[in-house]
Every structure is written in structure tokens, then in C-alpha cells.
Amino acid sequence: MWLAHGVGGRQDLPIPLGLALAGALAALAVSFVALGALWREPRLGTDLRDTRVLPAPVQRLVTARAWPWTWRLVGLAATAYFGLGFAGPDTAENPTAGVVYVLFWVGLLALSLLLGPVWRGLNPLRTLHLLGCLALRRDPRHGVRDLPAGLGYWPAAGGLLAFVWLELVAPHRVSLPVIGGWLAAYAAVMLVGAAVHGSRWFDHADAFEVYSAVAGRLAVVARRRDGLLVWRHPFDGIAGLRPAPGLVAFVVVLLGSTMYDSLSNAPVWVRLLQAGRAPASLLGTAGLVLVIGVVLAAYLGATGLAARLGGRPPGECAGELAHTVVPVAVGYLVAHYLTLFVLEGQRTLALLADPLGIGADWLGTGSWQVRALGTSPAGTALLQVTVIVIGHIVGTLLAHDRALRLFDRRSVIVGQLPLLVLMLAYTGAGLLLLFAA
């Protein structure tokens, strides 16, 4: 039931959708003009050496030898407890689907935005690889082969595509065999890859580590190269995301899959699936690939034209501007999944008290009742518009700052025009899809 994600519809907006759309586009245009007039020098992506260090007690805690092992064990214990659900009945009362699609997928985004790349420390697969290397007295950083040159984030992009296909398209995607089979296959690929290439494989291939690391660049807390935790401006963090092979594919899959999720709830798409002219999984796969392809084509077209107008080599701007898509994607993710996380998250926590379905209450949450917690339809709809617009404004700001580094002063404004059009198009399409119901 929760696959509808519980988002608001256009009838829930406190103002007409057309007016909300016009206001969002106007806000982007005004932001662009203001940036061009007031932001004349690049300022973002600075070194962390001059940032404010967190208090000494915090530093002692996070640099203690027990700190990383505590979170590794937490990750293993949570995974083991979650795994009990696979021994329970395959019914709507089983918490497994809610754990994977709500608490993990959406909760990981929230944790990463607050605390940084948390999945690296919690990842049970990384911990299992480390324990295996310790038992064999091997350096976990090294495998039998080096990582291939140019690998970048391509494996992570492929893993992310596989996961969103599971979440949004796969037949019987809330059933235990489908979820368990996917997770087992994913774990096998990750562990074999780490055995061959060493622990750096996770940095490049684990879709969830990359997801957490990319979103975590918007966190206000960061670890400096000397190991100290510091406060930083989130714009500096995301501006420090440098071009790498596969990075564009990763962020486009993240954005495009969320747009497809909105499309899949639209009446026209539901009627198409119900017509039964082709298997739902086939249509869903085609729709997912098509939406991601359109998002990618628009991005490559805009950045390619920006490079031409700005006098840069063809293709250079695509990688240089990939970080500007991250706040846009995060805005869509928050808008699309917040209500799902608040409401279905409570239900999942209640079900987790009895993963085996034997009438137990091991976590003390079995009697919890789902509460609205302020998620009224009108308030949710207004929040959705707000976070989407903020995400695009931040993306426009990041693009402007990077353009000041890439383009000369004569072409810096004209070179950004394709990027402004891209942000306007993403905003319009995103709002129309989100409130298509």
C-alpha cells in the first residue's frame, strides 16, 4: 500500500498549481540575475584548514580506536536483526519491505544530510570484508588486482539503477523472495569485487556508499585530512565533488528515477498499465529507462552548449557541473519521500518489534500507532514545492560559482544560459510530475 508514497496532489496545494509553477520559475530567474550581479568571484570548494573545529571531547570520541568498531558492530547487528524478517511470514505484516525501501533508502539520505557519509562506517559488507582480511592476515586495502583505470563510479551507477528498478518496477517487489534474492546477489557482487580489488572497491562500486557520500557533501560536519571533525558550509562540501567517470550517470539516475516514480503515480500512466497491452514490468522498465534517458539528454545538451558558449572543450562541462544536480535530486527525494518516511516509517518500526510474526515485542514498539505528525495534505504539498525550488536555486548557485572558474568574464553569463534553461525545465517537469494526480 505504501508504494504510492503518500504525497500530496494538485488539489492539496494552498495555491493553484499554475501559480506555484510560475512562482518557482520566477524565483529561479531572479536568482540567476541576482547571482550575475552580486556574485563576481568563485567562492566555493575551499580547503577545510580554516574551518571551525568541533569541541575537544567530540574529537577524542571520534578518534578513539573503539569508535569505528562500535559502528561496524552496530551495522552488523542491525543487519542480522533485519534478516530475521526473512524467516517470518511473507505477508503485509512483515517489516522487510519497509526496512529496505523506507528506513534504509530514505533514512540513509536523512542521516547522510545530517552527519555526512555514514554508510561507510555502518556498511555490513565492508565490515565482513575487513573481518575476513583480518582472519587471513591480509591488508584489506589491497586485492589481487588493482582497480581498473577509469572505473570511477560506473559500478555504483549500475548498482543504483538496479536498486531503483527493484523498488519501482520489479514484479512482486515487496515479496521476501524478490527482496532477498536481490540483496543476496548484490552482496555477492560487492564481496567478490572487494576480494579481487580491495576495500577501495566499495568507494566506487557500492551504490549505497556513493549515495551516502554524495548526499553527505551537503552536511555541515566534515572530517578534515588530519582526522579532525570541523563545521563547514554545505555549499563548500558539494562544490568539492570533483569530476570522475560515471559521476554524471550516477546523479542522473538518482534524479531521473525519482521523476519516474512521480510519473508512475500519474493517472495516465496507471491507465496505461491497467490496459494490459504489455507486461507491467516491461512497460515500467521502458518508462524508467526513458525518463532517465530524457534527463540525461537534457543535461548533456545543456552542458555541451554551455561549454561551446563558454569556450571550453566539448564534454568538459558535463563532469565539472555534475555536482549541481545533487541538490536538485535531493530536493526531489525529500519532496517525494518525506511523507512516506514519516508515516510508513512509524508502521515499519512497529512491525520490527516482531520480525518473525510470533507475537513478540522485542523493541517495545509493537503497540505504536501511526500518527500524522503534522503531515497534512496542504502542508505536505507546500513543503514539496518549497524543497524542490530550493534544490534548484542551490543548483543554480553552484553552477554560477563553477562557471566563474571555467569561463572567462566575457562569456560567464552567456555560458550559463543553457544551465538556467535546464534548471527551469527540470523544475517545471518535476512539479508537473509530482502533482500530476
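FYI, the numbering just counts along the sequence from 1.
- The closest side-chain donor-acceptor pair between Thr285 and Trp165 falls under 3.5 angstrom.
- The structure places OG of Ser257 at 12.5 Å from CG of Leu263, a figure rounded to the nearest 0.5 Å.
- Counting only distance, with no hydrogens or angles, the side chain of Arg223 and the backbone of Leu229 share no donor-acceptor pair below 3.5 Å.
- Contact check on Asp203 versus Arg126 returns a salt bridge, with a Lys/Arg side-chain nitrogen under 4.0 Å from an Asp/Glu carboxylate oxygen.
- When all heavy atoms are compared, the tightest approach of Gly88 to Leu176 is O-CD1, 3.6 Å.
- More than 12 heavy atoms of other shown residues, nucleotides or ligands fall within 6.0 angstrom of atom CG in Asp361.
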**OP:** Take Leu21 and Leu432, measure what side-chain contact (heavy atoms from CB on, under 4.5 Å) needs, and give me the verdict at the end.
**Re:** CA-CA 8 Å; Leu21 184 59; Leu432 289 173; 4.2 Å; yes
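- Atom CZ of Phe202 has more than 12 heavy atoms from other residues, nucleotides or ligands within 6.0 Å.
- When atom types are taken as modelled, the side chain of Arg232 and the backbone of Arg217 share a donor-acceptor pair closer than 3.5 angstrom.
- Distance check, rounded to the nearest 0.5 Å: CD1 of Ile179 to CD of Glu167 gives 10.5 Å.
- Summarising the geometry of Glu209 relative to Asn123, their closest heavy-atom pair is OE2-ND2, 3.0 Å, with the distance given to 0.1 Å.
- Closest approach of Val230 to Leu54, counting heavy atoms only: C-CD1, 3.5 Å.
- Looking only at side-chain heavy atoms (C-beta outward), Leu349 and Leu103 come within less than 4.5 Å of each other.
- Between Leu151 and Pro148, the closest side-chain pair of non-hydrogen atoms falls below 4.5 Å.
- Checking each of Val169, Val164, Leu290 against Tyr260 for a side-chain contact (heavy atoms from CB on, under 4.5 Å) leaves exactly one that passes, namely Val169.
- Around atom CH2 of Trp269, more than 12 heavy atoms belonging to other residues, nucleotides or ligands sit under 6.0 Å away.
- Side-chain contact between Val389 and Leu28 is absent, with no heavy-atom pair separated by less than 4.5 Å.
- Between Val220 and His233 there is no side-chain heavy-atom pair separated by less than 4.5 Å.
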Subject >> Test log, rule side-chain contact (heavy atoms from CB on, under 4.5 Å), inputs Val325 and Val295 >> reply: CA-CA 11 Å; Val325 181; Val295 172; over 6 Å; no
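- Between Tyr153 and Ala244 the shortest heavy-atom distance is CE1-CB, 3.6 Å.
- Considering only heavy atoms from C-beta on, Leu241 comes within 4.5 Å of Leu247 through its side chain.
- Pairs passing the side chain to side chain donor-acceptor pair (under 3.5 Å) check and including a residue from residues 70-94, sequence neighbours excluded, read Asn94-Thr96.
- In this structure, CG on Leu122 lies 10.0 Å from CG on Leu76, to the nearest 0.5 angstrom.
- In this pair, Trp201 and His197 present their aromatic rings parallel. The plane angle is below 30°, not in the 30 to 60° band.
- Annotation: side chain of Val421 is not in contact with side chain of Pro418 (no heavy-atom distance under 4.5 Å).
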Original post:
Could you walk me through whether His204 and Leu147 pass the side-chain contact (heavy atoms from CB on, under 4.5 Å) check?
Top reply: CA-CA 9 Å; His204 296 264; Leu147 285 171; 3.7 Å; yes
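- The closest donor-acceptor contact from the side chain of Ser212 to the backbone of Val118 lies under 3.5 Å.
- Between Glu320 and Arg242, at least one side-chain nitrogen of the basic residue sits less than 4.0 Å from a carboxylate oxygen of the acidic one, meeting the salt-bridge criterion.
- Nearest heavy-atom pair, Met259 versus Tyr332, reported as atom, atom and distance to 0.1 Å: CE-OH, 3.6 Å.
- Under the 4.5 Å side-chain criterion, counting only non-hydrogen atoms from C-beta, Leu115 is not in contact with Val221.
- Atom-to-atom distance recorded for Arg312:CZ and Leu406:CG is 5.5 Å, nearest 0.5 angstrom.
- The ring pair (Phe, Tyr, Trp, His ring centres under 6.0 Å) test with Phe104 singles out one residue from Phe208, Tyr337, Phe163, and that residue is Phe208.
- Judged by distance alone, the side chain of Tyr101 and the main-chain N or O of Arg173 form a donor-acceptor pair under 3.5 Å.
- For residues 176-193, the side chain to side chain donor-acceptor pair (under 3.5 Å) pairs, not counting sequence neighbours, are Tyr186-Asp206.
- For Tyr211 (side chain) and Leu160 (main-chain N/O), no donor-acceptor pair under 3.5 Å exists by modelled atom type.
- Checking side-chain atoms of Gln384 against main-chain N and O of Ala335 turns up a donor-acceptor pair under 3.5 Å.
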Subject >> side-chain hydrogen bond (donor to acceptor under 3.5 Å, both in side chains) between His336 and Asp261, worked out >> reply: CA-CA 9 Å; His336 196 75; Asp261 200 358; 3.2 Å; yes
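- Rounding to the nearest 0.5 angstrom, the gap separating the CG atom in Leu218 from the OG atom in Ser112 is 10.0 Å.
- Side-chain contact check for Trp362 versus Leu356: some heavy-atom pair is nearer than 4.5 Å.
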Original post:
side-chain contact (heavy atoms from CB on, under 4.5 Å) between Ile238 and Leu398: does it pass, once the steps are laid out?
Top reply: CA-CA 8 Å; Ile238 193 62; Leu398 294 171; 3.6 Å; yes
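- Residues Ala307 and Pro313 approach most closely at CB-O, 3.8 Å, considering heavy atoms.
- Put simply, CG on Leu420 and CZ on Phe32 are 5.0 Å apart, with the number rounded to the nearest 0.5 Å.
- Of the possible polar contacts, one joining the Ser376 side chain to the Gly379 backbone as a donor-acceptor pair under 3.5 Å is found.
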